[in-house]
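Notes follow once the structure below has been shown.
Because the structure is predicted, anything quoted here is derived from the model rather than measured. Atoms considered below: every heavy atom in the structure, side chains included; atoms not considered: hydrogens, waters and symmetry mates. Note that the numbering runs from 1 along the sequence shown for the chain.
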Amino acid sequence: MRQCSRSRIPTTGATSRSLLRGSQGVAMEKVMNIGGFAPPTIMEQVQRLLLINPGAHNLVISNVPGPRTPHYLRGRRLVEVLACGSTMPRHGLNLVMISYVDTLFIAVSSDPDVVPDAAGFAADLEQSFAELREAARSRTQPAEPAR
């Protein structure tokens, strides 16, 4: 049974804070940070290990902040951006997010053997964003005056 968004938000926030305090993401962050100073041959080996080990990761999230002002090509305004990502076999799910002006575009791709219903996941994600928008609207609307 689905919880309403108002009850999920505090739970999600608490879980996220707990994970950030833990060490689950630390190892992968350290691997990603060595790319700035490690020789290319070492980074090639790290990438190879990540690709051949299906247990190394099952979710990749890319967040690309895009321009906040509209862009134009030959006088015509760019109205949307198509995010794109791919997965390796047995590596689960890839979410690519890119913002453009006031819109967030999200692409969902998956290995169907690991995530057989990526379309259902995308629909749930869209519904969750709608719930968050509604919760945000209700928090910003002025309260009804007391009678």
Side-chain angles (χ1 to χ4, degrees), residues 2-21 24-54 56-144:
R2 289 181 60 112
Q3 293 176 305
C4 75
S5 60
R6 288 182 188 259
S7 64
R8 281 197 318 263
I9 292 170
T11 303
T12 302
T15 302
S16 296
R17 283 187 297 279
S18 171
L19 290 171
L20 285 172
R21 283 192 299 269
Q24 288 183 320
V26 174
M28 185 54 74
E29 182 180 2
K30 288 184 182 202
V31 167
M32 299 306 288
N33 286 339
I34 66 170
F37 64 87
T41 53
I42 291 176
M43 287 311 296
E44 286 174 19
Q45 294 301 319
V46 169
Q47 289 173 350
R48 188 170 293 121
L49 285 172
L50 289 174
L51 292 176
I52 63 170
N53 181 358
H57 69 280
N58 57 12
L59 173 65
V60 175
I61 301 175
S62 300
N63 179 17
V64 180
R68 294 179 182 220
T69 58
H71 284 216
Y72 295 83
L73 178 63
R74 299 187 67 172
R76 296 189 180 185
R77 184 174 184 212
L78 177 66
V79 294
E80 69 180 29
V81 177
L82 300 177
C84 180
S86 61
T87 58
M88 297 299 292
R90 301 175 304 184
H91 282 124
L93 188 62
N94 188 357
L95 302 178
V96 177
M97 299 178 279
I98 186 166
S99 60
Y100 175 66
V101 187
D102 292 326
T103 304
L104 179 65
F105 297 92
I106 302 175
V108 176
S109 58
S110 73
D111 177 343
D113 292 333
V114 179
V115 181
D117 189 16
F121 173 80
D124 289 344
L125 189 62
E126 192 170 349
Q127 166 129 18
S128 293
F129 269 104
E131 291 171 0
L132 285 171
R133 276 192 302 273
E134 184 57 37
R137 275 192 205 107
S138 67
R139 289 187 68 169
T140 59
Q141 292 176 351
E144 292 288 322

Which atom of F105 lies closest to which atom of V79, heavy atoms considered: CZ-O, 4.2 Å
Note, L93 side chain near V108 side chain (heavy atom, < 4.5 Å): yes
Atom CZ of R76 with >12 non-hydrogen neighbours under 6.0 angstrom: no
Separation between CG of L82 and CD1 of I98, rounded to the nearest 0.5 Å: 9.5 Å
I106 CD1 to I61 CD1 distance, which is reported to the nearest 0.5 Å: 9.5 Å
side-chain contact (heavy atoms from CB on, under 4.5 Å) between L78 and L73, intermediate numbers included: CA-CA 7 Å; L78 177 66; L73 178 63; over 6 Å; no
Backbone of G66 reached by a side-chain donor or acceptor of S99 within 3.5 Å: yes
Gap between atom OG of S110 and atom CG of D117 - 0.5 Å precision: 9.0 Å
Minimum heavy-atom distance between P70 and Y100, given as atom pair plus value: CA-OH, 3.3 Å
